[in-house]
Amino acid sequence: MAIADEITRVIRDRIAHFDGSTTDTAMVSVGTVIEVADGIARVYGLSGVGYLELVEFPRTGLMGVAFNLEEDSVAVPVLGDFTLLHEDDEVRTTGRIIQVPVGDALLGRTVNALGEPIDGGGPIATDKFRPVERVAPGVITRHPVDTPVQTGLKVVDALIPIGRGQRELIIGDRQTGKTALALDTIINQKGKDLICIYVSIGQKNFQVARIREILNQYGALEHTIIVHASAEDPAPLKYLAPYAGCAMGEEIMESGRDALVIYDDLSKHADAYRNMSLIIRRPPGREAYPGDVFYLHSRLLERAARLSKEYGGGSLTALPIIETKANDVSAYIPTNVISITDGQIFLETDLFNAGIRPAMNVGISVSRVGGAAQTAGMKQVAGTLKLDLAQFRDLAAFAQFGSDLDKATKAKIDRGLRQQEIMKQKQYEPMPVEHQIMIIYASSKGYLDQVPLEKVAEWEAQFHRYMDANYSELVQTIYDTGVTKKQKLSPELLGQLDAAIQEYQKTAPR
């Protein structure tokens, strides 16, 4: 009854102070704040407001968005410091659906969920705006995914390749290298034709400042937009951030170019939506999430697409991140997002602690599109690698129970150990695809079988330096053939590579 009494009091106050002599002809709906709680203002009035329309609180200058249109009131998530609002504050409609600035002026900048700069670099010079919510491209406008996103990580590009326009989930517990994998992918796009958008949801300000500094250090900030909704921000801004980042990526896609958007992470996004929904009193479902939490993420991730040439030929690739608890990929939000995406890269705590980084579990990780998008040269040399690694892990687990192994089994385990070793990669050191092709070919052909396990990393590093110094034309030909022309490497080319590796082995570490 408290809200009903409050509404009655507001109506009586309006009648008592009504002035019929006003000459103001501006047509706006005006309402009154009757309650403020945890970032949500409940407003009486606003009869002409539309769903997701921006509303203004004139006394404070704050903005809000009409979220829940009820019979006698409107629930308005406040996009800013809601503690500045009081009961009886006036609220006005603006006639504008919530939108964010887009365009190349945002490159290199850090902005909040409203597209406002927060990096101290001055205003953003753009006159283009896009609504944050939009219907995903239809089937007719889409093109099959057939062009790779090179992450620079051997274990991903060889085993779980990602295509432009794909949605590939990065999933794992805390501190397993999920953000590091995403940052490596951004760094690897330096000097290439892929624009990146990194959306931070619920991270601390110092963490994002560090990410910005890392990207700047490796020359990747100039092709990156950072959208940041910090841990201190109210839930409405965390809810809005991924949609804002997606709108910025859609502008790039529809201009005929390629974009990559990383949502870090959608677990915190779902939590923010749950907070808002519980305050608004939407019915809670499983784990107190509202019933439409699946739609929350599906309508975001479905906007990733590769457009056909008739519609510009651009693409928007999505790499959502989900944080699990105790490797439980069968929890509510992880299973929701797994069912929306085109595959997942599962990073495992045990592998991470064992020093295997990236800590990708080859058995659970999958890409439902990537094989079609993988470069011809990589597909040729890495065709059996995933199966070889899976068989090696089974044999290695079996071998723990017995010491008597036949010669063939021991050889398979030894080669598997070396293939696992070359899949390791240091952070922020993405590798060119032609180098990946060469080292995977060398390991699959047994050139590392006699190299001591502790010397494999040194052997690989010197091998790449040797090839670049002495066989630069061969390295370039491998790139031109297997990557640019999308053709298989000819027997003659592989013969030259064999000869080069045999020449290198005379001076290689042993």
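Throughout, numbering of the chain's residues begins at 1 and tracks the sequence.
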Next item on the list: Could you walk me through whether Trp459 and Tyr504 pass ring pair (Phe, Tyr, Trp, His ring centres under 6.0 Å), step by step?
Entry: CA-CA 10 Å; Trp459 191 99; Tyr504 164 69; 5.0 Å; yes
Next item on the list: Output all residues satisfying side chain to side chain donor-acceptor pair (under 3.5 Å) with Asp406, sequence neighbours left out; order by chain, then residue number.
Entry: Thr409
Next item on the list: Flag yes if more than 12 heavy atoms outside Glu302 fall under 6.0 Å of its CD atom; otherwise flag no.
Entry: yes
Check: With side chains defined as the heavy atoms from C-beta onward, is the minimum distance between His228 and Asp233 less than 4.5 Å?
Finding: no
Next item on the list: Would you please classify the geometry between the Tyr273 ring and the Tyr239 ring as parallel, tilted or perpendicular, with 30° and 60° separating the classes?
Entry: parallel
Notebook entry, point to check: In terms of ring plane angle, is the pair His269 and His297 parallel, tilted or perpendicular, where the classes change at 30° and 60°?
Noted result: tilted
Notebook entry, point to check: CZ of Phe129: more than 12 outside heavy atoms within 6.0 angstrom?
Noted result: yes
Item checked: Name of the residue among Ile160, Thr341, Val156 meeting side-chain contact (heavy atoms from CB on, under 4.5 Å) with Glu168 -> Ile160
Check: Can you list the residues that meet the side chain to side chain donor-acceptor pair (under 3.5 Å) rule with Asn470, with sequence neighbours excluded?
Finding: none
Next item on the list: Would you check if Leu453 and Arg418 make a side-chain contact, meaning some heavy-atom pair closer than 4.5 Å?
Entry: yes
Check: Can you find a heavy atom in the side chain of Glu323 that is under 4.5 Å from one in the side chain of Lys178?
Finding: yes
Check: Around Tyr479, counting heavy atoms of other residues, nucleotides and ligands shown, do more than 12 lie under 6.0 Å from its OH?
Finding: no
Note to self: If you count heavy atoms of other groups shown closer than 6.0 angstrom to NZ of Lys386, is the number above 12?
What the structure shows: yes
Next item on the list: Step through the shown structure and confirm whether more than 12 heavy atoms of other residues, nucleotides or ligands are within 6.0 Å of NZ on Lys412.
Entry: no
Checklist line | Heavy atoms of other groups near Ile140 CD1, more than 12 under 6.0 Å | finding: no
Notebook entry, point to check: Testing Val362, Leu153, Ile440 for side-chain contact (heavy atoms from CB on, under 4.5 Å) with Met423, which one passes?
Noted result: Ile440
